[in-house]
Amino acid sequence: MAPRRLGCLTGAGLIAAAVTLLLSLGVIVVFGGQWFSPGPLNAQAGGAALGGVTSHAATGGRCYACHPAPWEAANLADRCLACHTAVAAELRDPTSLHGALQGTRAAMDCRGCHTEHRGPAAGLTNLDPTTFPHDAVGYMLAGHARRADGQPFACADCHTAKLATFDAAVCADCHRQADPAYVEQHMADFGAGCLGCHDGADRYSKARFDHNRLPFPLTGKHAGARCASCHANARTAADLQAAPQTCVGCHQKDDAHKGEFGTDCAACHKTAGWKPAAFDHNKSAFPLTGKHVDVKCESCHVNRVFKGTPQTCVGCHQKDDAHKGEFGTDCAACHKTAGWKPAAFDHNKSAFPLTGKHVDVKCESCHVNRVFKGTPQTCVGCHQDPAYHLGAFGTACADCHTADGWRPARYNRPHTFPLDHGERGASSCKTCHPDQLKVYTCYGCHEHTPAEIQRKHVKEGIPDFTDCVKCHPTGREKEGEGKEDD
């Protein structure tokens, strides 16, 4: 029986495999890695030699010059930067092209933008505008998908010299194809530095920009105003945002009032136009009420002079003062803006508040012939001393009386004789002074008679027995013994 064969694992098969492996190793040794190369390398020579060569093709097909072995920690990008030291420096500078791309896939893998093995004359930089992270360099391509003719944008359409540079004149040349008149006016208003305001997001286009979504919506006449009218000499986005948002910020030169009304133009004017103006006087320091509402403006603002207009009653109505200044200048103490009449004078705010019986007294009872100035403010000025007093108390009526009425009266000054003499509390004036205050008698209370008192005092050798208080100042029969007179 013949031996069983295991596919190629025969003696001849193993010998053929060994020969093939040796031949492959020989080719690799002799020809380097060119046996695995997808194509010839670029032969365009640079300026100075980098890594000992002036072009990739000068490496002689040594794959190891760019491609590290699988077991090494380095990668292809590391090998690139080992030779291209200027690019490595750019990656550390965020203001450079490669530095701006730091952190993107393009910066981590050079092959994202630079391709090889396409022949000795092929370009090493191959960018796809649809995948290149253009926003990382400060300009988006969101608004630049297609040119004015409808064709997709290519890098060379904007980067006419080299990819790392950009000429702003390209913007104007391209946009003139769509709207030449607008571009010329736009450049006259805002200059030729397009990138100062535009970042490629197309946020200022007519289709996307809405001023009414900003803190300063455009209404009335503002809606039709040219941008440059408010954003004069703006050259950057910051300049646009710094435009004044107050009326006076733009219209101070148009102020016909010369600052008399301050700077809040919107208090009277609307964006629909300067006229008609509607001044709300109630928002001013002098609100209009009552009769003032219907008064013509020029009645107070003579010759259209507004600043310094009087805000006091007497400032306008002094000529109408029927009191001839007797009540001073505070007209509002009695009168309201509803009219001169009815007048309601609050006497309690004056120097002579009305209390008690005075509240119901007619004005003319005190202010005779409508004379107000100089009206007496003392009791005796209006109320003459009655015959009963005979001038005993002088003019201090308030020592006994109040505005509630003449009676009851209570003497509030020091009295020679105790007013609470006896057992019935304080006595009234009439008890001791029945006819007049200057004369007193004790016989109104005590049970003795004049004859009895005379006999008793004569017996005791007291000749002067008519002036009882002289000997009895406290009302006691025997002063100092605590026994009261009966």
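The structure displayed is predicted, hence computed values, not measured ones.
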Note to self: Would the distance check show the side chain of His134 and the main-chain N or O of Tyr139 forming a donor-acceptor pair, the cut-off being under 3.5 Å?
What the structure shows: yes
Item checked: Residues Arg176, Glu184: salt bridge by 4.0 Å N-O rule -> yes
Check: Between the side chains of Thr355 and His358, is a donor N or O closer than 3.5 angstrom to an acceptor N or O?
Finding: no
Item checked: Atom pair NZ/CG of Lys296 and Asp294 - distance to nearest 0.5 Å -> 11.5 Å
Notebook entry, point to check: When you measure from the side chain of Asp157 to the backbone N and O of Ala154, does any donor-acceptor pair fall under 3.5 Å?
Noted result: yes
Margin query: In the structure I gave you, are the side-chain heavy atoms of Glu116 and His56 within less than 4.5 Å of one another anywhere?
Written below: yes
Notebook entry, point to check: Got a second to check how far Cys158's SG is from Leu141's CG, nearest 0.5 Å?
Noted result: 8.0 Å
Check: How about Phe190 and Cys227: do any of their side-chain heavy atoms sit closer than 4.5 Å?
Finding: yes
Next item on the list: Might you point out which heavy atoms bring Ala178 and Pro180 nearest each other, and give the distance in Å?
Entry: C-CD, 4.0 Å
Item checked: Any Leu218 side-chain heavy atom under 4.5 Å of Thr271 side chain -> no
Check: Yes or no on side-chain contact (heavy atoms from CB on, under 4.5 Å) for Asn126 and His114, after CA distance, side-chain angles and deciding distance?
Finding: CA-CA 6 Å; Asn126 182 31; His114 304 287; over 6 Å; no
Notebook entry, point to check: Which ring pair (Phe, Tyr, Trp, His ring centres under 6.0 Å) pairs, counting each pair once, include a residue from residues 61-90, with sequence neighbours left out?
Noted result: none
Note to self: Return the NZ to CH2 distance between Lys291 and Trp340, rounded to the nearest 0.5 Å.
What the structure shows: 12.0 Å
Note to self: Assess the residue pair Leu91 and Leu81 against the criterion (side-chain contact (heavy atoms from CB on, under 4.5 Å)); give the C-alpha distance rounded to whole Å, side-chain angles, the decisive distance to 0.1 Å, and a yes or no.
What the structure shows: CA-CA 10 Å; Leu91 287 172; Leu81 296 178; 3.9 Å; yes
Check: Does a side-chain N-to-carboxylate-O contact under 4.0 Å join Arg226 and Asp189?
Finding: yes
Check: Can you tell me how far the CG atom of Leu41 sits from the OG atom of Ser55, to the nearest 0.5 Å?
Finding: 8.5 Å
Checklist line | CG-CG distance between Asp280 and Asn282, expressed to the nearest 0.5 angstrom | finding: 5.0 Å
Next item on the list: Compare all side-chain heavy atoms of Pro68 with those of Arg79 and state whether any distance is below 4.5 angstrom.
Entry: yes
Check: Heavy-atom distance under 4.5 Å between the side chains of Pro133 and Leu101, does that happen here?
Finding: yes
Margin query: Could you report the tightest heavy-atom contact between Cys197 and Leu240, atom names first, then the distance?
Written below: SG-CD1, 3.9 Å
Margin query: If we ignore hydrogens and angles and just use 3.5 Å, is the side chain of Asp255 paired with the main-chain N or O of Gly259 as donor and acceptor?
Written below: yes
Check: How about Phe352 and Pro376: do any of their side-chain heavy atoms sit closer than 4.5 Å?
Finding: no
Next item on the list: Indicate yes or no for a side-chain donor-acceptor contact from His211 to the backbone of Pro217 under 3.5 Å, with no hydrogens or angles considered.
Entry: no
Check: Is the number of heavy atoms from other residues, nucleotides or ligands within 6.0 Å of CD (Gln185) greater than 12?
Finding: yes
Next item on the list: Please report the closest heavy-atom contact between Ala122 and Gln44, naming both atoms and the distance.
Entry: O-NE2, 3.2 Å
Note to self: For Arg235, is there any backbone N or O sitting under 3.5 Å from a side-chain donor or acceptor partner on Asp239?
What the structure shows: yes
Next item on the list: Assign the ring pair His347 / Phe345 to parallel, tilted or perpendicular, where the plane angle (0 to 90°) is split at 30° and 60°.
Entry: perpendicular
Checklist line | Gap between atom NE2 of His383 and atom NE2 of His401 - 0.5 Å precision | finding: 10.5 Å
Check: How close do Gln245 and Pro215 get, heavy atom to heavy atom, and via which atoms?
Finding: OE1-CB, 3.9 Å
Next item on the list: Please answer whether the main-chain N or O of Gly123 pairs with a side-chain N or O of Arg118 as donor and acceptor at a distance below 3.5 Å.
Entry: yes
Margin query: Test side-chain contact (heavy atoms from CB on, under 4.5 Å) on Val170 and Thr160; report intermediate values, then the result.
Written below: CA-CA 8 Å; Val170 175; Thr160 55; 4.2 Å; yes
Note to self: If you define the side chain from C-beta out and look only at heavy atoms, does anything of Thr312 sit under 4.5 Å from Thr329?
What the structure shows: no
Check: Which heavy atom of Val137 sits nearest a heavy atom of Leu97, and at what distance?
Finding: CG1-CD1, 3.7 Å
Item checked: Pairs involving residues 219-240, ordered by first then second residue, that meet ring pair (Phe, Tyr, Trp, His ring centres under 6.0 Å) (sequence neighbours left out) -> Phe216-His222
Notebook entry, point to check: For Tyr204 and Asp199, what are the C-alpha separation, side-chain angles and deciding distance, and is it a side-chain contact (heavy atoms from CB on, under 4.5 Å)?
Noted result: CA-CA 10 Å; Tyr204 292 131; Asp199 59 2; over 6 Å; no
Notebook entry, point to check: In terms of ring plane angle, is the pair His186 and Tyr182 parallel, tilted or perpendicular, where the classes change at 30° and 60°?
Noted result: parallel
Next item on the list: Taking the side chain as every heavy atom from C-beta outward, state whether Phe166 and Cys171 have any pair of such atoms under 4.5 Å apart.
Entry: yes
Check: Does Gly315 offer a backbone N or O that forms a donor-acceptor pair with the side chain of Gln318 under 3.5 Å?
Finding: no
Check: Of all heavy-atom pairs between Asp93 and Thr95, which one has the smallest distance, and what is that distance?
Finding: OD1-OG1, 2.7 Å
Margin query: I'd like to know if the side chain of Asp210 and the backbone of Asn212 have a donor-acceptor N/O pair within less than 3.5 Å.
Written below: yes
